[in-house]
Structures are given as structure tokens and as C-alpha cells.
Amino acid sequence: MNMKKLMLLAAGALLMTSCGIYNKYERPEVNTTGLVRDVQSNSDTLAVSDTTSFGNLAWRTVFTDPQLQSLIELGLQNNTNMLNAALNVKMVEDQLMVAKLAFVPGFTFSPQGTIASWDGNPATKTYSLPITASWNIDLFGNLLNQKRSAQMALLATKDYQLVVQTKVISNIANMYYTLLMLDKQLQVVDDMAKLTEETWNIMKIQKELGRVKETSVQSAEANMYSVKAQATELKRQIRETENSLSLLLGQQAQSIQRGTFDGQSLPSEFSTGIGLQLLANRPDVHYAEMSLAQCFYDVNTARSRFYPSITISATGAFTNSGGMGIVNPGKWLLSAVGSLVQPIFAHGQLVAGLKVAKSKQEQAFNTWQNAVLSAGSEVSNALVLYNSSAEKSALEAKQVESLKKNVEYNQMLFNDGSATYLEVITAQQSLLNAELSKVQDDFYKMQAVVNLYYALGGGRY
């Protein structure tokens with residue numbers, strides 16, 4: 001008889017295993033070959049064999065400006081999204097604790113007392129001091145899969161906390177470098193404003209000497225005011241960027257202490273690592289995978305609801321009423337009950353719940369796949385931005401040098417009467433535009449470094 005029971009239990013266990021109730025999550029197949037495009041080729045993908053990654057560097061190693069480091073530390077302490085992400089982790093940890101405690105018996109203490117009198121007779125007093133223990137036997141994996149789902153939720157929430165952290169670091173760095181760029185552009189515009197004012201004064205002297213007409217003076221004056229208007233616009237952008245950065249730091253809008261644009265030192269050699277590293281390094285990709293794992297266990301939980309639930313309850317009560325009359329002092333009354341509930345018809349709720357869980361799992365899989373592709377795309381974009389900006393900046397440096405000489409030559413020719421005022425103004429405007437473009441492309445290089453660091457999962461350390 002015992003052997004038959006053992007065989008039945010083994011058969012039942014085999015059946016449950018085949019239904020996948022106790023299966024653990026395993027990462028689905030994902031092709032990371034050629035995830036990052038080669039910046040020099042229109043069709044080829046970047047072939048990398050190294051296992052190191054630029055994203056594995058600590059953020060203090062990448063961003064060496066002391067003032068920027070102070071701002072990042074302040075942002076990680078005070079940023080609202082960072083604070084809320086930490087609270088989310090704490091809440092999910094509490095939920096996981098509840099899921100773990102579901103395996104142990106629950107205890108309740110419910111004392112009762114009664115005073116009753118029949119037809120004026122002396123009152124009788126009864127009392128009961130029961131302690132009840134209830135234990136849900138998890139033979140069919142319902143509690144187990146709920147616990148595993150809660151564990152995946154905790155991992156996903158911690159990943160999201162890292163997502164917020166890496167985003168805060170990259171946003172602070174980008175805004176900081178934006179301020180440095182605007183400062184540099186303002187310096188360029190201020191220098192040009194002085195040059196255009198000198199040109200205007202020269203034009204006025206030339207007019208008094210009868211060498212130029214009033215229109216030349218007016219054009220020089222208009223050009224000067226146009227340059228000064230650009231300076232005013234840049235000052236507005238600086239103030240708004242400071243305000244935005246202050247908000248990101250969790251503080252009132254205020255002036256931001258910063259270094260200089262030309263004094264920045266950022267890495268120029270990058271390693272993207274193997275494509276598979278993006279699955280581990282990128283917290284948002286890992287978050288998407290942990291969400292998929294959570295949905296996997298939710299499907300298992302939905303399956304387990306089709307099976308019986310077994311509960312054992314035991315009660316121990318110190319009472320003076322045991323059903324056979326009242327005795328004093330009281331006695332101990334002990335009882336135990338076992339129950340099994342097998343769903344037969346639940347208005348389609350169990351079937352619908354399983355279908356919904358499977359659909360959510362498919363959605364989570366699609367989201368994870370898209371997160372992997374997005375990561376590769378972001379790395380590719382950052383690499384091409386850096387390379388194209390570096391190439392443009394090198395060409396613009398030569399252009400600026402040529403235009404500076406052109407401005408000097410045109411001013412000399414104008415003083416000799418060999419050039420017109422229009423040639424002088426045009427040369428100055430061309431130089432200003434070239435200098436501003438070079439500053440912007442140098443900024444794009446900085447931004448590309450920040451973007452690549454973020455795209456490779458940097459900022460975790």
C-alpha cells in the first residue's frame with residue numbers, strides 16, 4: 001500500500017514537472033552578432049573581439065573635471081528620481097519578504113468571552129483563549145512561483161535604480177558641457193563684438209575723411225549690433241541651462257560653478273566590448289530581461305491555480321467550555337483540520353488569467369528584444385557622432401585659421417583703399433560662424449563620449 005502511494009506521488013510530481021510549474025527562467029536565444037555598426041562602412045558591422053568595455057570604467061575615471069564630479073555627487077544624493085528609485089527598491093524588498101513568509105504558518109490569537117443568563121438564573125461565564133495556526137502546503141508551486149516572481153521584481157527594480165543613476169550622471173555631464181560650450185561661444189562672440197565695434201569706429205573716421213559713404217558706416221554699425229544680439233541670446237541660454245541643471249541637482253535655480261571648455265580632458269580611445277556584454281552592462285536591458293523573467297513566473301503562478309490548494313489548520317485553546325458543559329478551571333482543547341480545494345468552475349477566471357499572463361510574457365519578450373536593439377543603435381550613433389565631429393572640428397580649425405588671416409588682410413586692404421567695407425564685414429561674419437561651428441562640433445565630441453559611456457552601460461560605479 002505504501003509503495004502504491006509512493007508511486008502515485010512520483011507520478012504526480014512527474015506530471016507537475018511536465019506542466020512547467022517548477023521550471024526556472026532561462027534566457028531566450030538572442031543574436032548579438034553585428035549589434036554595433038562600423039563607423040567607416042555603410043553595410044558592415046563592427047567586429048570586436050575584446051572583452052573590455054569603455055562602459056566598465058568608473059564615472060570618476062571618465063569625467064575628471066573636479067567641479068563636474070562634485071555636481072554628479074550632489075545629483076546622485078539629491079535628485080528626485082534617484083530618491084524615488086531608492087524608495088521603490090525598499091517597497092519591493094518588503095513585498096519579497098511577504099512572499100517568503102507565505103511559506104511559514106500564520107498564527108492568530110482571538111480570545112472570546114460570554115456571559116449568559118437563562119430565565120433569571122445566575123449568569124454563566126464562558127471563555128476561550130484560542131491560538132490558531134494555518135499552513136498552506138505548496139505542493140503545486142503557487143507560493144514558490146510568487147516568491148520567484150517577487151525576486152525578479154526586486155532585481156528589475158534595482159536595475160531601474162541603476163537606469164536612473166546612469167541617466168542622471170549622463171544628463172548632468174551633458175548639461176555641464178553645454179554650459180562650457182555656451183561660455184566658449186559667448187567668449188568668441190564678445191571678441192568679435194569688440195572687433196566689429198573697432199571696424200565701426202574706423203568706418204566713422206573714414207567717412208569724416210570722405211573715403212566711404214554713410215551706408216558703409218550704417219552697415220558696420222548694424223553688423224556690430226547683430227553680433228551683440230547673439231551675445232544676449234547666448235546669455236539667455238546660459239541662464240536657462242543653469243536653471244535646468246539646478247533642477248536636476250535637486251536645488252533652487254542658481255549659478256553653476258564650472259571650469260573652461262578648453263580645459264576639458266576626455267577619453268579618445270574607446271572599446272565597446274563584445275555584443276553580449278550589452279545584455280549585462282546596460283541596466284535598462286537587464287531590467288527588461290528581469291521583467292520578462294517575472295512574467296515567466298507569473299505564467300507559472302497562473303498555471304498552478306488550476307491545481308488543488310491544501311491547507312492544514314491547528315488550534316489550541318484554553319477554555320472552560322468544551323461542548324460538554326462548563327468546567328472551572330479551564331482545560332486545553334486541541335484540534336487539527338486539513339482541507340483541500342480543487343477548482344472546477346471559476347467562471348473562466350483561471351483560463352483568462354493564464355491567457356493574460358502569457359500575453360504579458362510575450363509583450364515583455366518583445367520589449368526586451370527591442371531594448372537590446374536600441375542599445376546597439378545608441379552605441380552606433382555615439383560612435384559615428386564622435387568620429388564625424390572630430391573630423392569636422394579638424395577641418396574647421398584650418399578654416400578658422402584661414403578666415404582669421406582673411407579678416408586681417410581685408411582690414412589692411414580696406415585701410416589702403418583696396419577693399420570695400422562689405423568685404424571686411426563679410427570676412428568677419430564668416431570667421432564668427434566658423435568659430436562658433438568649431439566650438440559646437442567640439443561640444444558634440446564631448447557629448448558623444450557621454451552618450452557612448454551611457455550606451456555601454458557606464459555610470460554604475
Side-chain angles (χ1 to χ4, degrees), residues 39 53-76 79 165-192 231 234-235 237-246 248-249 254-272 378-379 381-401 432 434-461:
V39 295
S53 172
F54 176 56
N56 290 332
L57 297 177
W59 62 263
R60 289 178 181 83
T61 304
V62 178
F63 308 118
T64 56
D65 187 316
Q67 290 170 313
L68 174 56
Q69 289 181 346
S70 298
L71 293 175
I72 291 176
E73 290 173 354
L74 182 62
L76 294 179
N79 181 266
Q165 177 175 315
T166 57
K167 196 67 176 177
V168 167
I169 291 174
S170 63
N171 284 345
I172 291 175
N174 270 326
M175 284 192 182
Y176 183 80
Y177 292 136
T178 300
L179 281 175
L180 299 186
M181 176 198 69
L182 293 173
D183 288 342
K184 181 65 176 180
Q185 288 186 329
L186 181 60
Q187 178 186 341
V188 170
V189 170
D190 285 342
D191 291 343
M192 183 56 68
L234 287 171
K235 290 176 182 177
Q237 294 180 27
I238 290 173
R239 180 61 62 92
E240 289 185 353
T241 305
E242 285 183 326
N243 294 344
S244 298
L245 182 51
S246 297
L248 189 60
L249 299 175
Q254 57 190 269
S255 176
I256 302 295
Q257 298 297 320
R258 51 191 180 270
T260 61
F261 187 79
D262 296 329
Q264 298 304 302
S265 176
L266 287 171
S268 58
E269 298 293 333
F270 311 108
S271 174
T272 61
E378 289 174 10
V379 173
N381 290 341
L383 287 172
V384 73
L385 176 62
Y386 183 87
N387 282 272
S388 62
S389 299
E391 184 177 351
K392 287 179 62 179
S393 178
L395 295 173
E396 286 163 345
K398 297 178 181 179
Q399 182 186 21
V400 168
E401 288 301 317
L432 176 61
E435 288 180 323
L436 292 178
S437 294
K438 184 182 185 306
V439 172
Q440 190 169 47
D441 283 314
D442 287 338
F443 163 71
Y444 286 154
K445 280 177 58 180
M446 295 179 177
Q447 191 177 51
V449 173
V450 177
N451 293 348
L452 179 61
Y453 185 61
Y454 171 78
L456 292 172
R460 294 164 294 144
Y461 312 111

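These numbers come from the heavy atoms of this one structure, side chains and all, not from hydrogens, waters or symmetry mates.
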**Request:** Decide, yes or no, whether a salt bridge links D441 with K445 under the criterion of side-chain N to carboxylate O below 4.0 Å.
**Result:** no
**Prompt:** How far apart are the C-alpha atoms of L436 and V189, what are their side-chain angles, what is the distance that settles it, and do they pass the side-chain contact (heavy atoms from CB on, under 4.5 Å) test?
**Reply:** CA-CA 8 Å; L436 292 178; V189 170; 4.0 Å; yes
**Prompt:** What distance do L456 atom CG and N451 atom CG have between them, rounded to the nearest 0.5 Å?
**Reply:** 11.0 Å
**L68 side, atom CG; I172 side, atom CD1 - distance, nearest 0.5 Å** = 8.0 Å
**Message:** So, taking the atom named OH in Y444 and the one named OG in S388, what distance separates them when rounded to the nearest 0.5 Å?
**Reply:** 10.0 Å
**Message:** If you define the side chain from C-beta out and look only at heavy atoms, does anything of M446 sit under 4.5 Å from N174?
**Reply:** no
**Item:** Closest contact, heavy atoms only, A397 versus K438
**Value:** CB-CE, 3.5 Å
**Complete:** Q254 and E242 have their tightest heavy-atom pair at O-CB, 3.7 Å
**Request:** Mind listing the closest non-hydrogen atom pair of N381 and V384 along with its distance?
**Result:** O-CG1, 3.2 Å
**Request:** Start with the C-alpha gap between Q185 and L182, add the side-chain angles, then the distance that decides, and say whether side-chain contact (heavy atoms from CB on, under 4.5 Å) holds.
**Result:** CA-CA 5 Å; Q185 288 186 329; L182 293 173; 3.9 Å; yes
**Prompt:** Taking side chain as C-beta onward, heavy atoms only, is V450 less than 4.5 Å from F63?
**Reply:** yes
**Request:** Quick one: closest heavy-atom pair of A382 and A448, and the distance?
**Result:** O-CB, 3.6 Å
Solution key, residues 261-270 side-chain donor-acceptor pairs under 3.5 Å, sequence neighbours excluded:
residue : atom : partner : partner atom : Å
D262    : OD2  : K184    : NZ           : 2.9
Q264    : NE2  : D65     : OD2          : 2.8
Q264    : NE2  : T260    : O            : 3.0

**Prompt:** Are E73 and L76 close enough that some pair of their side-chain heavy atoms sits under 4.5 Å apart?
**Reply:** no
**Message:** Treating Y176 as the side-chain partner and Q69 as the backbone partner, does any N or O pair qualify as donor plus acceptor under 3.5 Å?
**Reply:** no
**Message:** Quick check against the 3.5 Å criterion: does R60 have a side-chain atom that pairs as donor or acceptor with the backbone of A58?
**Reply:** no
**Message:** Would you say CD of E240 has more than 12 non-hydrogen atoms from neighbouring residues, nucleotides or ligands within 6.0 angstrom?
**Reply:** yes
**Message:** Going by ring-ring contact (aromatic ring centres under 6.0 Å, His included), Y453 matches just one of F54, Y386, Y461. Which one?
**Reply:** F54
**Message:** A side-chain contact here means heavy atoms from C-beta on lying under 4.5 Å apart; do N79 and L249 qualify?
**Reply:** no
**Fill in**
When rounded to the nearest 0.5 Å, the distance separating CG of L186 from CG of D191 is 9.5 Å
**Asked** How long is the gap from CD on E396 to CD on Q440, to the nearest 0.5 Å?
**Response** 9.0 Å
**Message:** Tell me the closest heavy-atom pair linking Q447 and L385, and the distance in Å.
**Reply:** OE1-CD2, 4.3 Å
**Complete:** The reported gap from CG in N171 to OG1 in T166 (rounded to nearest 0.5 angstrom) is 9.0 Å
